[in-house]
Structure formats: structure tokens, C-alpha cells
Amino acid sequence: MSAHGLVNEAASRYPAPMEPPLTIDTLRTLATLQGLELTDEELAGLLPLVQAGRSMAESLRGALPGDVEPASQYRIM
Amino acid sequence: MNDLVWKSMVELARLIRAREVSPVEVVQAHLDRIASLDGRLRSYITVLSDSALAAAKAAEAAATSGETPGPLHGVPVGLKDLYCTKGVKTTGGSRILSDWAPPEDATVVSRLAGAGAIVLGKLNMHEFAYGPEGLNPHYGSPWNPWDAVTHRICGGSSSGSGAAVAAGLCPGALGSDTGGSIRIPASLCGISGLKPTYGRVSRAGVLPLAWSLDHVGPMCRTAADCALMLGSMAGYDPRDPTTSVLPVPDYMAALTGTVKGLRIGVLRPFFMESAAAAERRAVEQAVKTLEGLGASVHEVKLDTVKLAAGASSAVIAAEAYAYHEAWIKKRPQEYGADVRERLRVGAFVSGADYVNGQRARVLMRNEVDATLARLDVLVAPTTPISATPVGVGQVEIGGEEQPVRPTLIRFTRPFNATGHPAASVPCGFTAEGLPIGLQIVGRPFDEATVLRVADAYQRATDWHARRPSLAG
């Protein structure tokens with residue numbers, strides 16, 4: 001196993017912290033930090049989409065072995 | 001009705017070369033048809049009548065002067081409106097770029113012109129290519145030519161390209177494909193479309209949706225026409241550093257008409273098993289046809305395909321947001337509501353989530369490569385469903401309600417993530433008369449085999465030769 005995998009195996013002995021649930025207030029704060037000015041209605045529309053994205057990202061994290069590198073410049077040949 | 005508008009690009013090129021027909025006649029026939037039908041179809045954003053006719057006259061003069069014609073000499077094409085066209089409004093299907101005319105052509109536009117093609121106009125699309133339905137609030141949503149009564153989606157984002165080719169408003173078009181945007185409209189509009197290998201065709205001068213997932217490719221009525229166009233488009237481009245230096249094969253010569261001895265993998269779990277009944281039946285029959293032509297058929301499973309949704313979503317969202325960030329902050333109301341919302345989601349994708357998306361792509365690519373080491377192509381339905389009415393957000397498959405948008409891209413986006421070449425060709429119709437597409441996936445840079453299988457299938461069937469009801 002690569003060093004990468006060994007490090008991740010060591011880290012996995014500790015349970016991952018629970019991600020806090022996303023609320024409109026949290027989303028508003030995140031949006032403000034990003035420079036986005038959104039109304040409450042817009043935030044309410046975005047909330048389920050951002051939640052869905054976070055769920056998919058969490059599933060992906062769980063499915064990736066530790067030693068896979070990203071395609072940093074994605075080219076085949 | 002003028003039969004010239006139903007000729008293939010291969011046939012038009014031959015007729016023009018043989019001086020049996022003039023490029024002026026061909027271009028005029030298409031312009032007349034656009035004038036007659038496009039008020040309803042809305043496949044074009046900009047029609048370039050004057051410049052197309054001028055180019056046709058020049059092509060006619062060149063043909064009679066004995067100059068050696070290019071492979072597409074005098075043949076009309078349409079360009080999805082995200083291909084920069086020098087001095088011509090290039091909107092990206094948006095209001096934001098509604099008055100923008102680029103100072104130079106995209107590389108592929110130059111290459112097609114160099115091959116002798118004549119641009120009829122700029123084709124409608126989902127705004128900034130960010131949607132698989134092909135809708136457009138600024139220029140009107142194209143009408144699927146296969147239903148004269150109900151306004152159905154053409155599929156996107158290359159919706160105008162799909163509608164125009166299907167209805168005889170151009171014999172071939174350029175599309176682009178980030179999650180399925182060539183193959184989905186090809187499937188829903190009953191035409192042939194090819195997403196080449198990532199890096200086979202230059203993206204220079206093409207408005208991006210997601211740089212690492214965008215692919216440039218042809219949409220035509222036949223696989224042979226896709227081969228003809230690809231031959232003029234493909235190849236290394238110093239303006240696009242992701243293009244490959246691998247030589248471009250003679251795609252037309254690869255169309256041997258036979259699939260004898262080829263090994264075909266049928267993608268059953270995730271693909272066939274989650275398609276609607278009509279799509280499953282049509283693809284099963286297509287596989288039997290290929291087997292009857294001498295191919296061997298094998299069952300295939302891709303375990304990593306379940307990563308495609310998460311990987312693609314994170315990568316597209318982050319890359320699209322990076323491109324649009326300044327506009328979405330300063331001019332949000334100029335976007336359509338769906339694209340505005342989708343773009344904003346990208347602001348909340350973390351760096352780690354983006355990188356994990358790119359890591360997942362490597363796993364997926366490795367598995368498809370390993371599978372294609374023992375097979376020549378993989379096949380599946382292009383989409384789980386056929387064209388839905390505009391405005392319908394849910395569709396029933398096997399008794400279960402599913403949202404239309406993610407359903408449309410389910411079978412196509414894995415091969416954007418992996419970068420493998422993938423084509424869609426018509427393989428049947430639903431009981432409502434709506435087209436069904438067969439997706440054919442090949443090894444990296446083996447577009448020749450993908451097109452060979454598609455062409456052999458089209459020589460044995462006539463789905464691709466049928467004409468839609470709205471087209472007259």
C-alpha cells in the first residue's frame with residue numbers, strides 16, 4: 001500500500017465528524033462569503049440542490065481508495 | 001419538396017464534385033426550407049443567408065475553375081451558437097452575449113471552412129450549454145420535429161443542432177457534449193451524433209461549460225457523415241493544449257460495412273435495466289442485428305459507473321461557476337432561472353469535493369479501459385427515455401416517477417467523465433413515434449471502430465432514413 005493509503009488508513013481509525021445540517025442561515029453565510037447576494041426565496045430554492053451536491057460528495061469520499069490521484073490535467077494521450 | 005435537403009453530406013459532396021449540382025442550389029434549397037419551417041422549429045438563432053450564398057457562389061466558381069475541392073466543398077453546415085464565428089453574433093444561447101461577435105473563428109470552424117463547408121447559420125441551444133432538455137427562454141425552445149402536435153424537448157444542450165439536422169434544415173451540424181449534449185439530442189431527434197475522445201478535437205474558440213468535460217463533435221443524419229466531418233475537424237491544435245498529437249486516421253476508409261469478428265459488450269446493469277421498456281426492446285433488437293452481422297455479444301458490468309453522478313456534478317458545477325462567476329454576481333437576472341440556479345450551486349462546491357470528482361474519473365476511466373481491452377465497443381441505450389413534453393418535470397419508468405433532467409444524462413455522462421468516444425444512432429421508435437438512440441462507446445482515439453459499427457448498423461437498418469412528421 002502506498003504512503004497515501006497508509007496515512008488514510010491511520011486516519012480512518014477515528015470516526016469522521018458529523019457534517020452539520022445545512023440551513024438557509026448557513027447557506028446565506030456561505031453565499032455572503034462568496035460575494036453572492038441572494039434573497040430568501042433564492043436561498044430556499046438553492047438549499048435542496050446544494051444539499052444534494054453535498055450528499056453526492058460525501059458518497060464519493062466514501063467510495064474512493066486513498067491512493068487514487070486526481071486527473072489534474074485531464075488528457076488521455 | 002426539394003430532395004437536396006435530404007441528401008447526406010457524403011452524397012452532396014459527391015454531387016458537387018461531379019458538378020451534377022451547384023453549391024448555390026444546395027444552399028438555396030436549405031435557406032428556403034429554413035424560411036419555411038424554422039418559424040415554428042426555432043432551431044436557428046442567426047441565419048447567414050447572404051454570406052452562405054456568397055460562399056456558395058465562390059464554391060461554384062472554384063469548382064468550375066478546376067481547383068481541387070476539399071472534402072466538404074460546397075456542403076452546408078450549421079454551428080451550435082457557442083462556436084466563435086468571426087464577425088458573427090455568437091450568443092451561447094444567452095442574453096449576456098446577445099450582441100457579441102468574436103474577432104476570430106474557433107479552430108474547428110476554420111477547419112470546416114478550410115475543407116470547403118458553407119455555414120448556414122448559428123444554431124439554438126440550452127443557455128450556455130447548461131441543460132440536457134435544450135430549452136431556451138431568450139430565443140425560444142426548439143420544437144422536436146417528431147411531434148407536430150405537442151411541443152416536445154429536442155434534448156440538449158445542442159437542441160437546435162438536433163432539430164435542424166432532423167428536419168432537413170442542414171445536413172450536418174456542430175454540437176458540443178459535456179454530459180451528453182450531442183448524444184441526447186441525437187437520440188431524441190433521431191439523428192447520428194458523435195462525442196469523440198477528449199482531446200481528439202480542439203475546443204479552442206468554443207465557449208466552455210466545463211473545460212475538463214467539454215467535447216466537440218458532429219451531428220448528422222448518418223454515421224458516414226459524422227466520419228466525413230470528423231476527418232476535417234480532428235487533430236492537434238496548439239491553441240488547445242489538451243489536444244492529442246496522435247495522427248488522424250482516415251475515418252471514411254474505416255467504414256468497411258462489416259462488424260464480423262468484432263466483440264460487443266452490452267451494458268446491462270445500470271444501463272439497460274433502468275431504461276424504459278421501449279428503449280430496452282429497441283436496443284436488444286439492435287444488438288441482435290449486430291450479432292446477425294457477425295459480431296459476438298458479451299454481457300458487461302461497470303462497477304464504477306455509480307460514481308459518475310457525484311464526480312460529474314462536482315466537476316461541472318465548479319468549473320462552470322469559475323467561468324461565469326463575474327457575470328453571475330453582477331448580471332444574475334440576465335440568465336434564465338434554471339441556469340442561474342445551477343450556476344450558483346457551483347459556488348458551494350469545496351476544493352476537496354472538486355478534486356475527489358477528478359479522482360473518481362480516474363477510477364471510472366481505468367475500469368472502462370480494462371473492459372475495452374477485451375472488447376471492441378460497448379453498447380447501451382443513449383437515454384432511458386424518449387422526448388418528453390416541454391414543461392414536464394417527471395417521467396414514469398417501470399412504475400416509478402423520476403425527474404426528467406438527471407434521467408436524460410444518466411447513460412451519457414459516464415463517458416464524458418472517462419473521455420471515451422461515444423456515438424448515438426437511431427435504433428427504433430416508441431409507440432408515440434418518438435426516436436430511440438443506441439449508444440456505442442469505444443476505446444480512446446478509436447472513433448474509427450465506433451463509426452464502423454454505427455455505419456454497418458445503418459447499412460442493415462433504415463431508422464436513420466425516416467423523416468419527422470413536422471418536416472413535411
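Computed from a predicted model, the values in this text were never measured in an experiment. Numbered from 1 within each chain, the chains take letters A, B, ... in sequence-line order.
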| Can you list the residues that meet the ring-ring contact (aromatic ring centres under 6.0 Å, His included) rule with B:H324, with sequence neighbours excluded? | B:F128, B:W327, B:Y335

Proximity breakdown for [X] and chain B, heavy-atom pairs closer than 4.5 Å:
{"X": "A:L30", "value": "both"}
{"X": "A:L27", "value": "both"}
{"X": "A:A31", "value": "both"}

| So, are A:R54 and B:D353 salt-bridged, with charged N and O less than 4.0 Å apart? | no

| request: Would you sort out whether B:F348 and A:L49 count as a side chain to side chain contact (heavy atoms under 4.5 Å, CB included), showing the intermediate values? | output: CA-CA 10 Å; B:F348 304 98; A:L49 301 176; over 6 Å; no

Other residues, nucleotides and ligands only: do more than 12 of their heavy atoms fall within 6.0 Å of [atom1] on [X]?
{"X": "B:Q394", "atom1": "CD", "result": "yes"}
{"X": "B:K329", "atom1": "NZ", "result": "yes"}
{"X": "B:E401", "atom1": "CD", "result": "yes"}

| request: Compare all side-chain heavy atoms of B:P332 with those of A:L36 and state whether any distance is below 4.5 angstrom. | output: no

How close do [X] and [Y] get, counting heavy atoms only, and between which atoms?
{"X": "B:L307", "Y": "A:A63", "value": "CD2-CB, 3.6 Å"}
{"X": "A:P70", "Y": "B:V362", "value": "C-CG2, 4.2 Å"}
{"X": "B:S313", "Y": "A:M56", "value": "OG-CE, 3.3 Å"}

| message | Working to the nearest 0.5 angstrom, can you tell me the gap between B:Y321 OH and A:Q34 CD? | response | 5.0 Å

| Are the side chain of B:R359 and the backbone N or O of A:V68 linked by a donor-acceptor pair below 3.5 Å? | yes

| task | Determine the option with the most heavy-atom pairs under 4.5 angstrom with chain A, choosing from B:I328, B:N366, B:V345. | result | B:V345

| request: Measure distances from B:A314 to the heavy atoms of chain A and classify the residue's part below 4.5 Å as side chain, backbone, both or neither. | output: neither

| request: With sequence neighbours excluded, tell me which residues meet side chain to side chain donor-acceptor pair (under 3.5 Å) with B:R344. | output: A:E42

